[in-house]
Amino acid sequence: MWDWSFALEILPTLASAAIITIEATLIGFVIAALLGLALALVRIAIPWTAWPISVLVELIRSTPLLIQIFFLYFVFPKFGVVLDAFTAGVIAIGLHYAAYCSEVYRAGFDNIPRGQWEASIALNLPQWATFRDIIIPQVIPPIVPALGNYLVALFKETPLLSAIAVLELMQTAKIIGSDTFRYTEPMTLVGLFFLVMSLVSAALIRILERLLNRRTPR
Amino acid sequence: MTDQPMVRFDNVSKRYGALTVLDGLSLDIARGEKVSIIGPSGSGKTTVLRMLMTLETINDGVIWVEGEPLTHMDKGGKLVPANLGHIRRVRAKIGMVFQSFNLFPHMSAMANCIEAPMTVLGMKRADAEARAAELLDMVGLSQKKAHYPSQLSGGQQQRVAIARALAMRPKIMLFDEVTSALDPELVGEVLQVIRQIGREHDLTMLMVTHQMGFAKEFSDRVCFFYQGKICEQGPPSELFGAPKNERTRQFLRAVLEAG
């Protein structure tokens, strides 16, 4: 049933594919975290954008990520936007999770008491300095756990990129399977990799959480 | 120039929908004058301070600060709504201390006091820290510079908030019920600091307060607000000693009974 020598033989191939998976996760999450913050900030700073942004966020959250990936990869070229599979996939993942993250940030901003904004006005701080020095440092620590959950969720959705033939972990395992007719070892190893990485990131997020809480006693 | 009022409310009104909070308020405050505002809740007294700090917009009238319109600017002889640059320039003359302190919880007492001097006034860190240290010293908190707001008592937090406002070198200081959120035994230390800055700094001070004793002893003039208007005003000896208006008498009687 389980062939240790076969498992060892495919390990290097899977390991290099794992790097693609990690790259896609990190780049995707950076896009999600920054774009999500940008969406939440624009919403607050320019009130009339609240409605169009909430429509956009709802649109992205209410359609499957797989469809969005296909859209970017197969439909956009019809409009002259040609992206390679990795780029299209990572942008789609980033956009999708940016929609979720923007809601997390929004809840974070809503939790800041009015008095913090009023004290900033009374001290005549410009709006950008108010966001940078007063509001955002108070918004981030409480939402680290929620953002961390999305990081792990995003990571576990990267196998969707195999649908547009990005050579990440899942796609590589599928190729090994169809070439050798052996699925047990590659799929088990891929599953184990996701399990270990998810546990490791969850632990890292908890450490980060504790660090942030120590820096800002309440 | 010198007899020009520091602050002038010229027929200022504030409405929330159908509710009129302030009804055609006209009030001049002289340079260096200490004015207390008293009155029942809902009489619009806090709104006066919040409008002057530009935390609330006004519906009618003009507020003048040192002869300059606060939320308006002169355009070809007509007053038009001011842009943010103008508002920020005039607003720089005003500092405010809040009932709920509103310190920045993620910053130490020192960091609270140097944030605005560095970003707004462009002071160097060393200069800002030296100035903040002086002020924290003055409010009796030289040992608490590195403490975070959560590590300070309410009275100490409010004293940091006073130092933070003074660090911006305002000409006008607004105190909005600054002792109302404090435990009774901490009220004295905050009032003591206000007394001291009233003596030592050349400030125009405007305070909304429920501390009648303090208003009596500290202010040059007391304004009694009732239903969005100044019902009676005068030197504390007259307003507290011989109030002319029946509403003032009722209010003072009620407050004295409670206090």
Side-chain angles (χ1 to χ4, degrees), chain A residues 33 37 40-50 104-147 205 207-218, chain B residues 46 49-50 52-57 84-85 87-108 111-122 146-152 157 160-170 172-176 181:
Chain A
L37 178 60
L41 284 177
V42 169
R43 230 183 134 121
I44 293 172
I46 313 168
W48 65 263
T49 59
V104 173
Y105 286 115
R106 190 160 76 98
F109 281 110
D110 286 349
N111 273 333
I112 302 297
R114 250 171 84 95
Q116 294 291 305
W117 298 94
E118 292 183 346
S120 305
I121 291 175
L123 290 169
N124 220 3
L125 289 172
Q127 201 179 33
W128 60 269
T130 303
F131 276 115
R132 185 196 61 194
D133 298 343
I134 311 304
I135 305 300
I136 290 177
Q138 294 184 67
V139 165
I140 301 294
I143 64 170
V144 162
L147 290 180
I205 291 158
I207 292 171
L208 178 65
E209 221 183 301
R210 214 166 317 150
L211 268 172
L212 284 170
N213 283 338
R214 192 162 8 155
R215 260 190 45 207
T216 56
R218 263 155 216 283
Chain B
T46 286
L49 300 193
R50 294 177 57 81
L52 185 51
M53 196 66 258
T54 69
L55 299 175
E56 305 279 357
T57 55
L84 189 61
I87 292 175
R88 292 194 65 228
R89 192 171 53 75
V90 182
R91 182 164 71 191
K93 298 173 180 174
I94 310 169
M96 184 162 179
V97 183
F98 298 86
Q99 179 177 354
S100 50
F101 327 139
N102 296 346
L103 289 180
F104 304 133
H106 59 301
M107 295 182 177
S108 67
N112 263 281
C113 293
I114 63 171
E115 167 66 26
M118 284 173 66
T119 38
V120 181
L121 305 180
H147 285 56
Y148 284 84
S150 59
Q151 300 165 319
L152 299 172
Q157 288 188 54
V160 173
I162 292 172
R164 178 177 73 172
L166 287 176
M168 292 300 285
R169 302 181 184 280
I172 305 161
M173 277 285 277
L174 311 179
F175 296 88
D176 185 14

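Computed over heavy atoms, backbone and side chain alike; hydrogens, waters and symmetry mates excluded. In the text below, chain A, chain B and the rest are named by the order of the sequence lines, each starting its count at 1.
Contacts between B:M53 and chain A at a heavy-atom distance below 4.5 Å involve backbone atoms as well as side-chain atoms. Both the backbone and the side chain of B:R164 come within less than 4.5 Å of a heavy atom in chain A. Only the backbone of B:I94 comes within contact range of chain A, with heavy atoms under 4.5 Å apart. Heavy atoms of B:F104 lying under 4.5 Å from chain A belong to its backbone as well as its side chain. Residue B:S100 does not touch chain A at all, counting heavy-atom pairs closer than 4.5 Å.
A pairwise comparison of heavy atoms in B:E115 and A:I134 identifies CG-CD1, 4.1 Å as the closest pair. Shown here for A:P126 and B:V120, the closest heavy-atom pair between the two residues is CD-CG2, 4.1 Å.
The contact list for residues 113-124 of chain A toward chain B, using heavy atoms and a distance under 4.5 Å, reads A:R114, A:G115, A:Q116, A:E118, A:A119, A:S120, A:I121, A:A122, A:L123, A:N124 by residue number.
A heavy-atom distance below 4.5 Å is not found between the side chains of B:M107 and A:P137.
Taking B:L103, B:N102, B:L84 one by one and counting their heavy-atom pairs under 4.5 Å with chain A, the maximum is reached by B:N102.
Atom CG in A:L212 sits 12.5 Å away from atom NE2 in B:H106 (nearest 0.5 Å).
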